[in-house]
Colleague: 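The structure is given below, and queries will be raised subsequently.
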Amino acid sequence: MAPFRVSPWIPALFLAPALAGLLVFRLGPILIALVGGFTGTTLRGETTFVGMRNYADLAADPSFWSSVKVTLLFNLLVNPFQICCAMGLALLVLRPTRGVALFRAAYLLPMTVSIALTSVIWTILLEPSVGPVNGVLRALGLPPQPFFRSEDQSLATLILVCTWKGAGYWMIFLLAGLLAIPRELHEAAAIDGAGAWQRFLRITLPLMRRPLAFVLVADTAINFLLFAPVYVITHGGPAGSTALLMFEAYQAAFALLNHGRSLAISTVILAIIGVIAVLELRLFRAAHERAG
Amino acid sequence: MIAGPHGRLALGALRYAAMVAVAAALLLPIWWILVSAIRPGGEIFRYASDVGWRTLVPERLTLEHFRTMLAGDMPRAVLNSAIVSLSTVVVGTMVNAAAGFAFAVFDFPLKRTLFAFVLLTFMMPFESIVIPLYTLIRTLDWTNTYAALIVPDLANGLVVFLFRQFFLGIPREIYEAARVDGASWWTIFIRLTMPLSGPTIATAALMQFIHQWDAFFWPLVAASTPELVVVQVAIARNITLEQANWGGLFASASTAILLAMIPFLLLQRYFIRTVTASSDK
């Protein structure tokens with residue numbers, strides 16, 4: 001539709017509430033983080049300019065670097081793992097045989113459980129002494145596990161819990177991509193004697209590049225900001241093994257009451273998310289320009 | 001390798017076995033929480049260690065845990081979550097639809113720049129700004145108010161985008177006819193455009209509702225007094241503070257699960273269809 005040329009007052013009035021909201025409550029906090037990262041609070045409660053001190057403190061703080069390391073390790077593991085699981089699920093429910101719609105819906109159900117509630121129910125399920133997961137392991141003759149109580153298992157357990165909630169959600173986006181691949185391509189390759197694995201590598205994966213890239217970027221943005229399970233289940237422990245950056249920022253603000261530090265960590269997080277956002281915007285624009 | 005009819009049948013059976021196994025792994029945890037909420041307190045963990053059919057099927061049923069729940073902070077939390085989510089949906093839909101309307105219908109200076117700004121805001125997840133947003137809300141003296149929970153979540157770039165995409169498809173002639181009849185742009189927006197937009201309004205409302213209903217980090221930080229506590233914060237706090245009351249925790253967790261799951265079960269067809277629509281042939 002060709003847009004109407006009207007007095008600029010009319011679009012301004014329609015836009016004002018939403019744009020004011022986005023400016024104040026989206027752009028505002030970003031500016032506060034950027035500026036606030038350079039401030040500190042004196043003993044008398046006054047805010048002062050401290051230059052790069054918060055960042056210098058962070059750079060010299062082994063617990064900050066350990067948190068950066070845990071966050072990177074977590075993301076390097078959880079994103080590929082979730083996407084592989086989601087892809088597996090999508091391939092499993094791809095062919096629309098009898099009852100498959102039911103399984104597609106069933107796999108989506110964990111998505112409806114909020115992240116805070118997911119954290120609560122898995123705290124109970126994985127409780128080492130009375131929880132049902134160890135009950136099942138014992139019934140199968142396997143040794144019970146400490147899960148979140150062990151420094152070695154906590155991060156892996158966190159990854160599994162996040163995957164329980166997320167795999168079905170990302171499955172839907174990959175399923176949409178798989179359904180868009182023309183059947184004839186597979187049929188022609190099968191006639192030429194290509195096996196199922198060959199067809200997956202040569203046809204499916206190359207044609208799934210765009211949906212996979214979208215899911216990877218969107219999933220990374222979510223997992224970089226993961227907070228609720230760390231707050232509810234582990235409090236960053238044991239021994240800092242699950243101390244993700246978002247939890248560090250929260251601790252700095254509300255446990256240490258060091259606002260400069262928390263805003264400096266927020267700036268680091270925003271910079272990472274900003275890079276992810278630009279990547280996302282590119283993918284998004286490319287997809288929409290292609291669609292029309 | 002070419003599979004014969006027997007091979008293909010075995011492969012099909014294997015596929016269904018795998019689908020059932022995955023469904024069990026994903027759904028049994030939820031099922032166990034739900035049945036634990038209606039079994040007597042003494043039996044909740046007994047059959048978690050002594051695994052058998054009783055682990056998943058309760059022998060005796062009771063509503064005692066729900067009575068405990070009703071005496072606690074859960075009713076207040078459900079009410080608060082409902083107030084916050086519903087006011088966000090009602091006001092947010094109007095605010096974002098109006099902006100989407102302007103982007104779709106009018107030509108104005110800086111349009112491309114402003115639209116790019118809207119796109120960029122929805123690429124930055126809300127959680128990434130929680131800490132500095134708290135600084136802002138404290139400056140405004142809004143901590144522990146409904147406004148702190150509702151107002152920052154009203155404007156939503158993704159919803160503006162959704163409305164703009166839909167409004168672009170409405171033919172120009174409809175607006176021209178209404179203008180000739182002397183209708184103001186506001187009247188056109190309220191009386192003509194919005195009534196044509198049912199499905200988009202439903203999608204936008206659902207998205208804003210879920211975002212508010214599931215929110216945890218922001219309410220925890222911004223408004224966590226007993227008067228303003230929302231469902232997610234109330235339940236998370238019960239597990240960290242008073243693990244003695246397991247029955248009440250299971251009842252409130254089950255209530256929260258069902259409150260979110262029932263609308264999903266009613267709408268999942270549309271959700272799966274919307275995402276897979278363009279390609280499912």
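Quick note on labels: first sequence line is chain A, next is B, and so on, each numbered from 1.
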Colleague: With only heavy atoms counted, which part of Ala253(A) is less than 4.5 Å from chain B, the side chain, the backbone, both or neither?
Modeller: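 Just the side chain, heavy atoms under 4.5 Å.
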
Colleague: Applying the side-chain contact (heavy atoms from CB on, under 4.5 Å) test to Trp31(B), which of Ile33(B), Val35(B), Leu27(B) qualifies?
Modeller: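 Among the candidates, only Val35(B) passes.
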
Colleague: Out of Phe216(B), Phe106(B), Tyr134(B), return the one with the most heavy atom pairs under 4.5 angstrom to chain A.
Modeller: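 With the most close heavy-atom pairs to chain A, the winner is Phe106(B).
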
Colleague: Of all of Ala139(A), Ala105(A), Gly88(A), Pro8(A), which one pairs up most often with chain B through heavy atoms under 4.5 Å apart?
Modeller: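 Maximum pair count with chain B is reached by Ala105(A).
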
Colleague: Might you work through the side chain to side chain contact (heavy atoms under 4.5 Å, CB included) test for Val233(B) and Val230(B), ending with a clear yes or no?
Modeller: CA-CA 6 Å; Val233(B) 175; Val230(B) 293; 3.9 Å; yes

Colleague: Could you tell me which portion of Ala2(A) (side chain, backbone, both or neither) has an atom closer than 4.5 angstrom to a non-hydrogen atom of chain B?
Modeller: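 The answer is both parts of Ala2(A).
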
Colleague: Quick one: which of Ile269(A), Val6(A), Leu125(A), Leu117(A) has the most heavy-atom pairs under 4.5 Å with chain B, could you say?
Modeller: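 Max contact count across the listed options: Leu117(A).
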
Colleague: Heavy-atom distances under 4.5 Å only: say whether Thr55(B) touches chain A with side chain, backbone, both or neither.
Modeller: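 For Thr55(B), there is no contact with chain A at all, as no heavy atom is under 4.5 Å.
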
Colleague: May I ask you to establish whether Arg164(B) and Phe101(B) are in a cation-pi arrangement, using a distance under 6.0 Å from NZ or CZ to the six-membered ring centre and at most 45° from the ring axis?
Modeller: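 No, Arg164(B) does not lie over the aromatic ring of Phe101(B).
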
Colleague: If I measure from the heavy atoms of chain A, does Ala97(B) come under 4.5 Å with its side chain, its backbone, both, or neither?
Modeller: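 Contact with chain A: none, neither part.
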
Colleague: Applying ring pair (Phe, Tyr, Trp, His ring centres under 6.0 Å) between Phe227(A) and each of Phe217(B), Trp218(B), Phe126(B), report the one that passes.
Modeller: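 That would be Phe217(B).
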
Colleague: Only heavy atoms, only distances under 4.5 angstrom. Which residues in residues 25-33 of chain A are near chain B?
Modeller: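 Within residues 25-33 of chain A, the residues under 4.5 Å from chain B are Phe25(A), Arg26(A), Leu27(A), Pro29(A), Ile30(A), Ile32(A), Ala33(A).
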
Colleague: Counting only heavy atoms closer than 4.5 Å, note whether Tyr47(B) contacts chain A via side chain, backbone, both or neither.
Modeller: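 Nothing of Tyr47(B), per the 4.5 Å heavy-atom cut-off to chain A.
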
Colleague: Under a 4.5 Å cutoff for heavy-atom pairs, which residue among Ser114(A), Gly195(A), Gly21(A) has the most contacts with chain B?
Modeller: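 Among the listed options, the one with the most contacts to chain B is Ser114(A).
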
Colleague: Go through Arg15(B) and Arg95(A) one step at a time and tell me if the side chain to side chain contact (heavy atoms under 4.5 Å, CB included) criterion holds.
Modeller: CA-CA 10 Å; Arg15(B) 175 174 174 243; Arg95(A) 287 186 48 213; 3.9 Å; yes

Colleague: Would you mind telling me which of Pro11(A), Ser129(A), Gly193(A), Pro17(A) has the largest number of heavy-atom pairs within less than 4.5 Å of chain B?
Modeller: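 Sorted descending by pairs with chain B, the first entry is Pro11(A).
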
Colleague: Any idea which of Val160(B), Ile44(B), Val20(B) has the most non-hydrogen atom pairs under 4.5 angstrom with chain A?
Modeller: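 Option with the greatest count: Val20(B).
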
Colleague: Heavy-atom cut-off 4.5 Å, strictly under: side chain, backbone, both or neither for Ile210(B) against chain A?
Modeller: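 Answer is neither: Ile210(B) stays 4.5 Å or more from chain A.
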
Colleague: Does any heavy atom of chain A fall under 4.5 Å from the side chain of Leu28(B), the backbone, both, or neither of them?
Modeller: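 The answer is neither part of Leu28(B).
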
Colleague: Chain B heavy atoms under 4.5 Å from Val278(A): which part of the residue, side chain, backbone, both or neither?
Modeller: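 Neither part; nothing is under 4.5 Å.
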
Colleague: Does any backbone or side-chain atom of Phe224(A) lie under 4.5 Å from a heavy atom of chain B? Answer side chain, backbone, both or neither.
Modeller: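 The answer is neither part of Phe224(A).
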
Colleague: Shorter than 4.5 Å, heavy atoms on both sides: which option in Ala98(B), Ala102(B), Ala256(B), Pro109(B) has the most such pairs with chain A?
Modeller: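 Of the candidates given, the most pairs with chain A belong to Ala98(B).
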
Colleague: Select, from Thr97(A), Ile276(A), Val24(A), Leu92(A), the one with the greatest count of heavy-atom pairs under 4.5 Å involving chain B.
Modeller: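 Result: the option with the highest number of such pairs is Leu92(A).
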
Colleague: At a 4.5 Å cut-off on heavy atoms, which part of Leu89(A) comes close to chain B: side chain, backbone, both, or neither?
Modeller: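 It is the side chain, since no backbone atom gets that close.
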
Colleague: Return the CG to CZ distance between Leu279(A) and Phe214(A), rounded to the nearest 0.5 Å.
Modeller: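 Leu279(A) atom CG to Phe214(A) atom CZ measures 13.0 Å (nearest 0.5 Å).
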
Colleague: Chain A heavy atoms under 4.5 Å from Trp32(B): which part of the residue, side chain, backbone, both or neither?
Modeller: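 Contact with chain A involves the side chain of Trp32(B) alone.
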
Colleague: Take the angle between the ring planes of Phe103(A) and Tyr107(A) and call it parallel below 30°, perpendicular above 60°, tilted in between.
Modeller: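 Geometry flag for Tyr107(A) against Phe103(A): tilted rings.
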
Colleague: Under 4.5 Å, counting heavy-atom pairs only, tell me which of Val113(A), Val100(A), Leu13(A) racks up the most with chain B.
Modeller: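 Greatest number of close heavy-atom pairs with chain B: Val100(A).
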
